[in-house]
Amino acid sequence: MRHFAVVGSGPAGFYTAEALEKAYGGQARIDILDRYPVPYGLIRFGVAPDHQSLKAVSKRYDKVADSAGVDFIGNVAVGRDVSIAELLELYDAVILATGAPHDRKLGIPGENLPGVIGSAEFVGWYNGHPDFADLDPALGGTHAAVIGNGNVALDCARILSKTRHEFEGSDIVGHALDALDGSAIRTVTILGRRGPHQIAMTPKELGELGHLEAAVPVIEAGDFPPVESDEPLEPGLRKSVGLLRGFADLQADKPKRIVFDFFAKPVAIEGNGKAERIVVEKTVLDASGSARGTGETYEVPASLIVSAIGYSTSPIPDVPFEGGKFVNQGGHIADRLYAVGWARRGPSGTIGTNRPDGYEVADQVAAAMPSGSVGNRPGAAGLKALLEQRGIMPTDYDDWRKIEETETGRARPGSPREKFVRVEEWLRTVGR
Ligand SMILES: Cc1cc2nc3c(=O)[nH]c(=O)nc-3n(C[C@H](O)[C@H](O)[C@H](O)COP(=O)(O)OP(=O)(O)OC[C@H]3O[C@@H](n4cnc5c(N)ncnc54)[C@H](O)[C@@H]3O)c2cc1C
């Protein structure tokens, strides 16, 4: 019997467990560890609460957790409660699927002023992440800005612009819904260093902006290259650019505006003790397609500034780390130690991109220790004994189901659940 530890219960962790279960049949036990008693990683804490159909992918993960060879061990932070060296003693292989939860820094003066937050913080706040329950984003001014030209920037701008009514059926947490409902923000500017042809926004997410109840997207027709130049674009991008071109024809006849500001590089954030404006330098594209500053600057008013420019992984002691992720070659870090998902590749791709990652690494593990080969490590029994010595009480999937049931039972009208936002609440629910 082989014992494998998958660290992290986001998409990458679940796909890896699914692949290992398939590769080994009944010949392996796979434990999915997570720092929290609730599984799913960014499916719970990242994917937008008004995108419930995407969050439904978790049903597939539940099936994996129900498989005979797979267990969930929650409330255990690797690197804090148990070390990598200890896990490698206890398990035949350890696969890190810890994601990339930290915002990349802007690296400009003023980014530490009150009012400036990272998208991981903002997104975590409205999705009920315990680390950000007390964020209290600055919603009292009329202008906000989101820095970045990917789907996370779109999520942030959309959530800032929706009405209470538009959150019906979402699982946005109550504290965020109430705060957003009372928000004074009327203009959200999305800043991108390059132009419409360089966006990383997908058509579905972009298209939603054209159908908001109280907000309209606004874009300068002059920011577009000639329409013929859309032709060679990859089809998804061409569709996105077509949507943006359509936005340029819309009437700004709703109370809120989402303004696309292209060729705009933030160079400083200024204000009297708090963010009040972003100083932006106009850019042009050079021959390689990079943005080059022109020296011409202007100001964008904003008392809330959300930077959505990418994420990095949390380092874990004794695991080589560079450039915001674990150093790995095709997922292999060191003997019996692997990485998958965002911890392996960095923060790019969709939920589904993590599936081939997980399967590829499971293949490597199976090649190194074929199904039927014998291991003599203790796996979960050894881990639980160690945790007990340390006074740490792990949770299992039944505990998670109890938490989910309790959250569903206290749902607000129009919401599938009211999530707990404190670790203590999760633990209390399951008698810890
Ligand atoms: C704001 C946002 C919105 C997104 N929206 C979409 C979308 O609409 N559609 C789409 O396809 N993709 C979307 N994505 C991308 C998608 O969420 C990622 O591709 C995916 O979650 C990455 O999976 P992962 O398993 O690598 O990491 P994660 O989902 O981050 O999972 C990592 C897990 O590891 C756990 N962990 C971390 N450190 C430790 C530790 N030391 N010990 C134990 N456990 C630990 C965490 O608690 C977490 O559960 C979005 C991403 C973001 C940030």
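Read the numbers this way: they start at 1 and go in the same order the structure lists the ligands and their atoms. Reckoned from all heavy atoms, side chains included, excluding hydrogens, waters and symmetry mates.
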Cationic N near anionic O, under 4.0 Å, R336 to E89: no
Out of curiosity, is G79 lining ligand 1, as in a heavy atom under 4.0 Å away? no
Going by the atom numbers of ligand 1, which of them fall below 4.0 Å from some non-hydrogen atom of V123? 1 (C)
Just to be sure I read this right, does ligand 1 sit under 4.0 Å from the backbone of A12, its side chain, both, or neither, counting only heavy atoms? both
Atom 44 (N) of ligand 1: the protein heavy-atom neighbour that sits closest, reported with distance to 0.1 Å: R35 N, 3.1 Å
Give the residue, atom name and distance (to 0.1 Å) of the protein heavy atom nearest atom 20 (C) of ligand 1. N354 ND2, 3.6 Å
Partner of Y338 by side chain to side chain contact (heavy atoms under 4.5 Å, CB included), out of V94, V365, T16: V365
Measure the distances from the heavy atoms of A97 to every atom of ligand 1 and state whether one is below 4.0 angstrom. yes
Please tell me whether Q27 and S371 have a donor and an acceptor in their side chains that are separated by less than 3.5 angstrom. no
Specify side chain, backbone, both or neither for T350, according to which of its non-hydrogen atoms lie closer than 4.0 Å to ligand 1. both
Qualifying residue, where the test is side chain to side chain contact (heavy atoms under 4.5 Å, CB included) with Y36 and the options are V423, T395, V76: V423
Between D155 and Y126, is there a side-chain donor-acceptor contact under 3.5 Å, judged purely by atom types and distance? no
Only heavy atoms count here, so choose which of N127, V152, I351, D34 is nearest to atom 47 (O) of ligand 1. D34
Near V7, which atoms of ligand 1 are under 4.0 Å from a heavy atom of that residue? 42 (N), 43 (C)
Geometry only, no angles: is A100 polar-contacting ligand 1 at N/O separations under 3.5 Å? no
Can you find a side-chain donor-acceptor pair between E405 and T408 that sits under 3.5 Å? no
Begin from the C-alpha positions of R412 and E418 and carry the test salt bridge (Lys or Arg N to Asp or Glu O under 4.0 Å) through to its verdict. CA-CA 6 Å; R412 284 167 283 117; E418 173 68 348; 2.9 Å; yes
Has P11 got any heavy atom lying under 4.0 angstrom from an atom of ligand 1? yes
Less than 4.0 angstrom from a charged side-chain N to a carboxylate O is my criterion; do R345 and D357 meet it? yes
Part of L42 with heavy atoms under 4.0 Å of ligand 1, whether side chain, backbone, both or neither: both
Taking distance alone, with no angle check, do W342 and ligand 1 share an N/O pair under 3.5 Å? yes
Applying salt bridge (Lys or Arg N to Asp or Glu O under 4.0 Å) between D66 and each of K59, R60, R401, report the one that passes. R401
Should the proximity of D155 to ligand 1, defined as any heavy atom under 4.0 Å, be assigned to the side chain, the backbone, both, or neither? side chain
Does F420 have R410 sitting over its ring (NZ/CZ under 6.0 Å from centre, angle to axis within 45°)? yes
Which heavy atom of L383 sits nearest to which heavy atom of L90, and what is that distance? CA-CD1, 3.7 Å
Atoms of ligand 1 close to G341 [distance to a heavy atom under 4.0 angstrom, numbered from 1]: 26 (O)
Heavy-atom protein neighbour under 4.0 angstrom from atom 40 (C) of ligand 1: yes
Any F45 heavy atom less than 4.0 Å from ligand 1: no
Ligand-side contact atoms (ligand 1) for residue partner S9, heavy atom cut-off under 4.0 Å: 33 (C), 49 (O)
Give the residue, atom name and distance (to 0.1 Å) of the protein heavy atom nearest atom 9 (N) of ligand 1. L54 CD1, 3.7 Å
I would like to know whether V259 and V188 meet side-chain contact (heavy atoms from CB on, under 4.5 Å); could you show each step before the answer? CA-CA 6 Å; V259 179; V188 180; over 6 Å; no
For Y36, atoms of ligand 1 separated by under 4.0 Å from a heavy atom: 47 (O)
What do we get for V76 next to ligand 1 when only non-hydrogen atoms under 4.0 Å count, side chain, backbone, both or neither? backbone
